[in-house]
4 protein chains.
Amino acid sequence: MGEGDRGERSSAVPERLLAEATRMFAERGFERTSVQELVSAAGVTKGAMYHYFDSKDDLLYAIFQRLLAMQRERLDGYAKAPGPVAGRLRAAAADLVRTSIENMDESVIVFRSLHMLSPERQRAIRAERRDYQERFLAMVEEGRREGVFRAEVPLTIVATQFFGAVHHLGMWYRRGGGLGGAELGEHFAEMLMSGLLARD
Amino acid sequence: MGEGDRGERSSAVPERLLAEATRMFAERGFERTSVQELVSAAGVTKGAMYHYFDSKDDLLYAIFQRLLAMQRERLDGYAKAPGPVAGRLRAAAADLVRTSIENMDESVIVFRSLHMLSPERQRAIRAERRDYQERFLAMVEEGRREGVFRAEVPLTIVATQFFGAVHHLGMWYRRGGGLGGAELGEHFAEMLMSGLLARD
Amino acid sequence: MGEGDRGERSSAVPERLLAEATRMFAERGFERTSVQELVSAAGVTKGAMYHYFDSKDDLLYAIFQRLLAMQRERLDGYAKAPGPVAGRLRAAAADLVRTSIENMDESVIVFRSLHMLSPERQRAIRAERRDYQERFLAMVEEGRREGVFRAEVPLTIVATQFFGAVHHLGMWYRRGGGLGGAELGEHFAEMLMSGLLARD
Amino acid sequence: MGEGDRGERSSAVPERLLAEATRMFAERGFERTSVQELVSAAGVTKGAMYHYFDSKDDLLYAIFQRLLAMQRERLDGYAKAPGPVAGRLRAAAADLVRTSIENMDESVIVFRSLHMLSPERQRAIRAERRDYQERFLAMVEEGRREGVFRAEVPLTIVATQFFGAVHHLGMWYRRGGGLGGAELGEHFAEMLMSGLLARD
DNA sequence: TATGAATGAGGTTTCATTCAT
DNA sequence: GATGAATGAAACCTCATTCAT
């Protein structure tokens, strides 16, 4: 039992907990998962869990944060990249679909268990998500100013259609079915662009 | 104490319970709502509730059933009506949006708390919803056979986009905001049709 | 719906209830049987039951009473009959076994659910049973005075052995098995007599 | 606060619960004893009880198990001991009576509340009891093969009489009355042997 | 850093009984 | 004689969290 060994094992505890919580919250829901079942499945004790997380709510919040931070970081990459906005928006859209599918458990939890967070944290997450959509729509605006996107359709409608469809994925998408994440990302991005791009 | 009086009073208990449950489940979630809080809000006793409903789950199921039965009945009306399929599909789409907004509480519950039902009932509800979508898409097929709808786009994509957007309504639509239910229904129907209709 | 018809039906209510209660209390125990299940099985309503019986306890008490009254009446028949006491005791013993088997449900209830009665009624039933045993043992004493039964063995031991064995029937006797009620009655009576009769 | 101290204190909770449950279940019956009354009497909290026992049923089962395991262990001692079978069987019989009286509460519970266990556990206990009787009767058979016991009386009758009488003890035996456990054991063993031993 | 026994409030549900009709 | 909706107390059990070690 060297130090490295021990360090590895203990640093694994929060990660194992998060991984197991993600799996279980997605599978049976946040409230149907008891702390005891969770720690048993993760192979740690209750005491250990409460050493790393203040509460069960804290665990849920961490899952939200991790997914949203990742998506926002990726979006920023496309927003700040060089090149024509149309190509960057299309890439960002495809990327959101692909990463939503790759992190389906987290995505399901976000849409299903947001209301289980404390009101305060619900507000924080809602703000973060609104921020994401605004940054996304800012690219649409950018394209409009440049004249490559049509200006007639209201932004709200565009957002509803696209984010609604992404959100809806968790309701029907099954791994191993017909389409892979990358393919589906292309489909969705294509539909978004066809609604935005000026005809002719 | 006439007959009508008695009928009203006794039939009022289940109805009051359903109404209050719908409101509370939508507002704070199914598991955040205790039976005690629910019956207090409805002004009945716990015993009375369990006289009419076998369990808290039963109450949730009744809410699901009521919404789905209503939507299906309305869809059937459009499916069996005379006239060109394009018009009937557009009307059905607008109607779904409008009734989803009018019954926003129920709609939110359906998408957020499905996983709180017993596995058996989850299957029943999923089957009912699948059935709804199939009937809806049958109208799309009908239009394709008649040559009024394009055949290139896969049905799954059409369904995902449209139903995803409807589903997503509960995440952002707020009563008293810009658009009313009828207007929004027209917008959504318009977008659906523009994706389906053959160009020129 | 003539009067006779109606009379028959209503007089059948207490009987149907007693019959069903006997069956259910024996099968699943007194406390595991709810009043609702009982009245449903008997095909009557709760109100009807409470019209004839003051409480669930009352129903249990009636079952006890009916069995004990019947057994006591039969014992009295043998006690007061003419002829040598040995023959009458043997017949009474065989009869107890046979009727216990014929009314196995009641017998099981008596030994298993006595403690569920109100303390007052428990005392009443215990007194009645003690009385039965005393009348039974009075016949043994009679035989001793006449010199046909041995006097060495204490009465308590005789009673314990015989009544213990009768009581124990409910634990192992299964209808349709090897021995019928009458045969087993003869076996038990034979064993009792062989322990009482003077040798040689 | 040494190690011994801690060990004693923590092991005391399940034991205190079992002791109190045995006393109360025997006195007023399993279902007349609420979990709240039980834990109050044992001086622990409900949570503590459910930490050690999965359910109220579990507590009942533990009482059954403890008595049956003890009895079986003692019987095995006599079965495997050296010496003539008649003496060993007599000793085993006397021992069963004595230990049944010493553990009268448990004995009463076993015969009165077996039907309150889950069906599965009822089967387990019945099997264990059947096993006990078979081991007991195997000693009778052994004696018959050696020619020391009569062969005419069927084993079932022997078992019914003896175990019936033992079982019946709980119905009439009162501590402090005439006979002590050891004496009564001798009486019962004597009666069993007199029925089994060949005459002359 | 980690344990796991213990807490105690609160959860859902059951049920014998009553009573207006 | 009979109904069945309604009561309300009490039942069993769960669970997130704490804390002495």
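Chain identifiers are assigned alphabetically (A, B, ...) following the order of the sequence lines, protein sequences preceding nucleic acid strands; residue numbering begins at 1 within each chain.
Position along DNA chain E of the nearest nucleotide to C:E37 versus B:F30 favours B:F30 as the more 5'-ward residue. When the nearest nucleotides of DNA chain F are assigned to D:S34 and B:A48 by heavy-atom distance, the more 5′-ward of the two goes with B:A48. In terms of position on DNA chain F, the residue among A:E31 and C:V44 whose nearest nucleotide sits closer to the 5' end is C:V44.
Taking OG from A:S118 and OH from A:Y61, the interatomic distance works out to 8.0 Å, rounded to the nearest 0.5 Å. Here the CD atom belonging to D:E31 is positioned 5.0 Å from the CE atom belonging to C:M116, to the nearest 0.5 angstrom.
What separates CZ of C:F53 from P of F:dG1 is a distance of 13 Å, to the nearest Å. Between B:K56 atom NZ and E:dT14 atom P there is a gap of 15 Å when expressed in whole angstrom units. Atom C1' of nucleotide E:dA16 and atom CZ of C:F25 are separated by 12 Å, given to the nearest angstrom. The CG atom of C:L17 sits 14 Å away from the P atom of F:dG1 (whole-angstrom rounding). For the pair A:M116 CE and F:dC15 P, the computed distance is 13 Å after rounding to whole Å. One can place CZ of C:R32 at 10 Å from P of E:dC15, the figure rounded to the nearest angstrom. For the pair B:Q36 CD and F:dA11 C1', the interatomic distance rounds to 15 Å; values are reported in whole Å. The interatomic distance linking A:M49 (CE) with F:dT17 (P) rounds to 7 Å, in whole Å.
Distances from the side chain of C:Y52 to the nucleotides E:dT12, F:dG1, E:dA16 place F:dG1 closest. Distances from the side chain of C:T45 to the nucleotides E:dT1, E:dG4, F:dG4 place F:dG4 closest. You'll find that the side chain of A:S55 is closest to F:dT17, out of E:dA6, E:dT12, F:dT17.
Contact check on D:R123 versus D:E120 returns no salt bridge, with no Lys/Arg side-chain nitrogen under 4.0 Å from an Asp/Glu carboxylate oxygen. No salt bridge links B:R23 with B:D105; every basic N to acidic carboxylate O contact stays at or beyond 4.0 Å.
Summarising the base pairing, E:dA20 is matched to F:dT3 through a Watson-Crick or G-U wobble pair whose two defining distances lie under 3.5 Å.
Side-chain N/O atoms of D:Y50 include none lying less than 4.0 angstrom from OP1 or OP2 on F:dT14. The phosphate of F:dG4 (OP1 or OP2) has no side-chain N or O of C:K46 nearer than 4.0 angstrom. Between F:dG1 and C:H51, a contact under 4.0 Å exists linking OP1 or OP2 to a side-chain N or O.
Checked by atom type, the side-chain pair A:S40/A:Q36 shows a donor-acceptor distance below 3.5 Å.
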